[in-house]
Amino acid sequence: MEQKGSVLMHRYELGKLLGQGTFAKVYHARNLKTGMSVAIKIIDKKKVVKVGMIHLIKREISVMRLVRHPNVVELYEVMASKTKIYFVMEYAEGGELFNKVAKGKLKEDVARRYFQQLISAVDSCHSRGVSHRDLKPENLLLDENGNLKVSDFGLSALAESEHQDGLLHTTCGTPAYVAPEVIIRKGYDGSKADIWSCGVILYVLLAGYLPFHDSNLMDLYRKIGKADFKFPNWFGPHVRRLLSKILDPNPNTRISIAKIKDSYWFRKGLQIKPTVTETEHTEVTPVDVDGVFGPCVNGNSVAESKQELEKPCSWNAFDIISLSTGFDLSGLFEETDCKNEVRFTSNKPASIIISKLEEIAKQLRLKMKKKDGGLVKLEGSKEGRKEVLGIDAEIFEITPLFHLVEVKKSSGDTLEYQRLLKDYMRPALKDIVWSWQGEQAQQFQQQLEEEEQLPSHALQLQVVST
Ligand code: ADE
């Protein structure tokens, strides 16, 4: 049990409880050295292991490092004890946006500004292949300047909150914000579902109540499925037109983010200058009329970065963590054999990675077997000094265009494996490798230390005992 005033990892003094879910509690905390406020999400490892969610957490943490946007709550670092995982996050001191709506509907211009920031955040995340899948009131926070901060992007598997939203009388798990295709569980496109949720959120901001409500759950489903809602009389024609296109029950014809950004209602009053202020830890993204909302200040537009994922243009502790020993956070759960295990990231689709492994197997006269769950087994036919050499390559999808590949020796002689890896496999993988574990981390750690951007203690994933 965490207690107010207790000190975590010798570094953070815990404050009040901010929220509570099935697997996690979120506390306000203060960095003892800098005095900076943070929010710390404390996840109970045992519960997570019990329901088999380790993989999801590992994957989603890796995803979070890809997302850096002024309207997305930043994940600063991840720490762990024997029993807990700690996510140290940006603290949004303004609390939940919906506390504002609880006092009454918002003025159109105010609602528009929040909606612009929401769309900006969602667009940026989608361009990195990350959908939220659980956009709802408790995930919309405000910072000290009244800017929107979306929380739990990439952590939706953990977002099963028990929080109650006073105004709307919705508990989490009600489908009020959920797209029809998600309800019917047919397999859905997370980005399209997010757009629907943004529409429900916009409606609520302007109306002060939900577009779909019914005390009977089946009737509520029916209403959502048919997009059966009415506009209050104060909704103007432009926002009606936009909302009708967002709340389209058919995900295939539902308006895209690009078109939302191009709509008359959305563009009205859009500031060319950034709408958010820079904080110590956030790279500011200009919010402009053309909708260049991606986090790269000097990078390409969101649309351009769809095909090939760019390297993040700024690096924080989390990037380093992600590329160093704790990349997949397996250190939180199990020992790894660093000598016989290497990892690389690739911004190529899984099919290309597999083809490359096939090519390598052919050249090295290894047999290759594809197993379930992204596992590829390479096996030698002739004996080495010991037994037959076996190499496993496991491909983890972080986003459809970003993969982590773990290569390890499954059998045979270590020296033979290491020589093969160094002299042949690593050079042969060159075309598909984005970064090798350790190398990039070292390089960027050096670079960052030179630039004094980061305290060196922040570069390590901390595993401590309680
Ligand atoms: N509640 C949940 N996450 C939070 C955060 N990052 N800041 C403030 N309150 C929160």
Side-chain angles (χ1 to χ4, degrees), residues 56 60 97-98 101 111 114-115 118-119 121-123 125-127 129-140 150-161 163-165 167-232 235 238-263 265-266 399-400:
L56 272 178
E60 298 202 351
L97 167 65
F98 278 72
V101 197
Y114 289 135
F115 185 68
L118 173 64
I119 291 295
V122 170
D123 189 20
C125 295
H126 287 180
S127 75
V130 181
S131 53
H132 193 294
R133 289 171 291 151
D134 198 23
L135 285 168
K136 59 187 176 193
E138 53 266 55
N139 291 332
L140 303 182
V150 183
S151 74
D152 282 349
F153 236 116
L155 285 172
S156 46
L158 298 170
E160 206 196 323
S161 164
H163 179 98
Q164 295 240 338
D165 165 34
L167 168 73
L168 304 162
H169 308 287
T170 60
T171 42
C172 180
T174 70
Y177 294 82
V178 172
E181 69 271 20
V182 179
I183 292 171
I184 57 174
R185 291 170 189 275
K186 255 195 173 165
Y188 62 94
D189 175 338
S191 323
K192 301 230 167 100
D194 280 351
I195 295 175
W196 172 280
S197 306
C198 290
V200 178
I201 288 163
L202 174 58
Y203 184 105
V204 173
L205 295 179
L206 289 166
Y209 54 83
L210 284 162
F212 310 107
H213 45 103
D214 203 296
S215 51
N216 179 301
L217 197 62
M218 287 317 290
D219 288 338
L220 177 58
Y221 283 157
R222 250 190 296 277
K223 284 182 182 170
I224 293 172
K226 289 193 288 182
D228 177 7
F229 68 98
K230 289 194 176 67
F231 292 116
F235 277 33
H238 297 297
V239 77
R240 284 179 192 231
R241 192 170 313 137
L242 176 59
L243 272 171
S244 302
K245 289 178 184 168
I246 299 178
L247 296 178
D248 174 349
N250 180 352
N252 299 319
T253 49
R254 192 173 302 149
I255 191 171
S256 64
I257 291 216
K259 293 237 166 79
I260 293 176
K261 291 195 321 200
D262 217 25
S263 70
W265 188 86
F266 183 91
T399 77

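- When side chains are defined from C-beta on, Pro180 counts as touching Trp196, because their heavy atoms get closer than 4.5 Å.
- In this structure, Ala121 and Val150 approach most closely via the heavy-atom pair CB-CG2, 4.0 Å.
- Side-chain contact between Val122 and Leu135: present, with at least one pair of heavy atoms (C-beta onward) separated by less than 4.5 Å.
- Using a 4.5 Å heavy-atom cutoff, the side chains of Leu242 and Phe115 are in contact.
- The NZ atom of Lys261 sits 7.0 Å away from the CZ atom of Phe266 when rounded to the nearest 0.5 Å.
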*For side-chain contact (heavy atoms from CB on, under 4.5 Å), just list the numbers for Leu97 and Leu205, CA-CA rounded to whole Å, side-chain angles, deciding distance to a tenth of an Å, and then say yes or no.*
CA-CA 9 Å; Leu97 167 65; Leu205 295 179; 3.8 Å; yes

Report task. Go through the steps to decide whether Leu210 and Phe229 satisfy the test side-chain contact (heavy atoms from CB on, under 4.5 Å), and finish with yes or no. Result -> CA-CA 9 Å; Leu210 284 162; Phe229 68 98; over 6 Å; no

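- Atoms CD1 and CG, on Ile201 and Leu140 in that order, are 4.5 Å from each other to the nearest 0.5 Å.
- Contact record, Ser244 with Phe231: OG-CZ, 3.6 Å, taken as the closest heavy-atom pair.
- Using a 3.5 Å distance cut-off with no hydrogens or angles, the side chains of Asp248 and Thr253 do pair a donor with an acceptor.
- For the residue pair Ala179 and Ile224, the shortest heavy atom distance occurs at C-CG2, 4.4 Å.
- Classified by interplanar angle (parallel below 30°, tilted 30° to 60°, perpendicular above 60°), the ring pair Tyr203/Tyr209 is perpendicular.
- Taking the side chain as every heavy atom from C-beta outward, Tyr221 and Asn216 never approach each other to under 4.5 Å.
- Between Ser131 and His126, the closest side-chain pair of non-hydrogen atoms falls below 4.5 Å.
- Not one N or O on the side chain of Asp219 forms a donor-acceptor pair closer than 3.5 Å with the backbone of Asp214.
- Between Ala111 and Leu206, the shortest heavy-atom contact is CB-CD2, 3.6 Å.
- The main-chain N or O of Tyr177 is found under 3.5 Å from a side-chain atom of Ser197 such that the two form a donor-acceptor pair.
- Separation of atoms CZ (Arg222) and CG (Leu217) is listed at 10.5 Å; rounding is to 0.5 Å.
- Side-chain atoms of Leu202 and Tyr114, non-hydrogen and from C-beta on, never get closer than 4.5 Å to each other.
- Between atom OG of residue Ser256 and atom NZ of residue Lys245 there is a gap of 10.0 Å, rounded to the nearest 0.5 Å.
- Atoms CZ and CZ, on Arg240 and Phe235 in that order, are 8.0 Å from each other to the nearest 0.5 Å.
- Not one N or O on the side chain of Lys192 forms a donor-acceptor pair closer than 3.5 Å with the backbone of Asn252.
- A distance of 4.0 Å separates SG of Cys198 from CD1 of Ile119, quoted to the nearest 0.5 Å.
- The backbone N or O of Ile195 lies less than 3.5 Å from no partner atom in the side chain of Arg254, so there is not a single donor-acceptor pair.
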